[in-house]
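Notes for the one structure printed next.
So that the names make sense, note that chain A is the first sequence line, chain B the second, and so on, each numbered from 1. Predicted, not measured: the structure shown is a model, and the values here were computed from it.
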Amino acid sequence: MRLIGAICLLLAILAVAYFGPGGTVGAVMFSISPSLLTNLQIGIQRHLSPGLWSNIIHPLTLTPAWLPPLLAGVVFFLVGVGSQQRR
Amino acid sequence: MHIKRRRGWEIPESQATPESAWLDRRRLMKGIAAGSLLAAPTAAEAQWLFRRGETPDPYMRNPPTVPDLPPHPRNPRYEGGRALTPERDPVTYNNFYEFGSDKGIWSTALRMPTRPWTVKVDGMVEQPGEFDVDDLMARIGIEERVYRLRCVEGWAMTVPWAGFQFSKLLDIVRPQASAKYVRLETAQVPAHMSGLRQSWFPWPHIEGCTIEEAANELSFIVTGIFGRPLPAQNGGPFRIVFPWKYGFKSGKSLARITLTDQRPKSFWETLQGNEYGFWANVNPEVPHPRWSQATERLIGTSERVPTRIFNGYGEFVAGLYTNLQGERLWA
């Protein structure tokens, strides 16, 4: 768990270093593939739920790219530390 | 003797939290949630996040002083050939990425004032200028045309647009002989267009056509819908409509029109040129890479009807494309 957390934290640092503090999740996805986001949007809206895109995925694309790996890293790290202390 | 014993969960009415305080608390919690997501969102962003404060009238004028349309008799040459879409649907079911990426952006879009509004026409023209939208309507005169609208996504509407033929504006600015294309640029209003925060998109939204397409009698500058001023969610106050092309080609809320000898690269062409090309003429026999274009769903009734080549306007426009071998005309 702590290793996964450390990897996530490293990803957060890399995201800041590579895309800057203002780089968003959407910008990162767009840099990977310009059509990725629009295909994802169309797929979700047509086959799953328009609300899923509008209310969850789309706001997520506007968050800073470092935020999701940072949060995941902290959670994994804390869970890892907690489980080690219980042993 | 009746003794009322109060249960643990019962409290007197006087101790109940006042409704206003409760509502404020809910508002506060939503504000905190929004703040943690997006660090101090603006009112427009919070409204966008929570879909709050929807206005009841999708035809609302912003500002309220937007004038009525000048008289605009219906031109019988352009009839839809099928029932009009119910009046509320075309103004509440819209694609307009500057305001958001779902179909329900109308209440957000209505917050954008549509007056004063000017359109700059420049590039390869003899008489460039910046035109006020109301002055243009008064100068050229407007009419009503019923056009079929076919979206590349597979839905369709039948709408009475008010406006004037694009060629009449071209007559005013007089294109130079070297002008081959028309570049159509949508306005950017960051204070009201929360979609512009999607910084990875190639803003401003550009569309384009050839000078021959622009001069075709069907190319129509739209300033009204169902007899009322065109609301922002439909591209108000000033948009273009090419009814024989998929809807994304019809640029909305135009701020600038440039005549050029360079073929403009459109917004969607930049994003996914293999799916949304420059020409994008309607053809039921050429499927989108991920869905068929053989039929279309009519908004309002959900009836599915066959799609026609050039959206049924072949008699007006097929001649524009007879000498264009090697061009991908249908997507």
(Q) Salt bridge or not between B/Lys252 and B/Glu98? Use side-chain N to carboxylate O under 4.0 Å. (A) no
Q.
So A/Thr63 and A/Leu60, do their side chains get closer than 4.5 Å, heavy atoms only?
A. yes
Q. Once you round to the nearest 0.5 Å, how far does CD1 of B/Ile309 lie from CH2 of B/Trp330?
A. 4.0 Å
Which portion of [X] sits near chain B, non-hydrogen atoms under 4.5 angstrom:
| X | answer |
| --- | --- |
| A/Ser35 | both |
| A/Ser31 | neither |
| A/Ile42 | side chain |

Q) Measuring heavy-atom distances to chain A, does B/Glu153 have an atom under 4.5 Å in its side chain, in its backbone, in both, or in neither? A) both
Q) Quick one: does NZ or CZ of B/Arg263 land under 6.0 Å from the six-membered ring centre of B/Phe278, within 45 degrees of the ring axis? A) yes
Q: Report yes or no: is the cationic atom of A/Arg46 (NZ for Lys, CZ for Arg) closer than 6.0 Å to the six-membered ring centre of B/Trp291, at no more than 45° off its axis?
A: yes
Q: May I ask you to name which of B/Glu275, B/Gln272, B/Lys103 has the most heavy-atom pairs under 4.5 Å with chain A?
A: B/Gln272
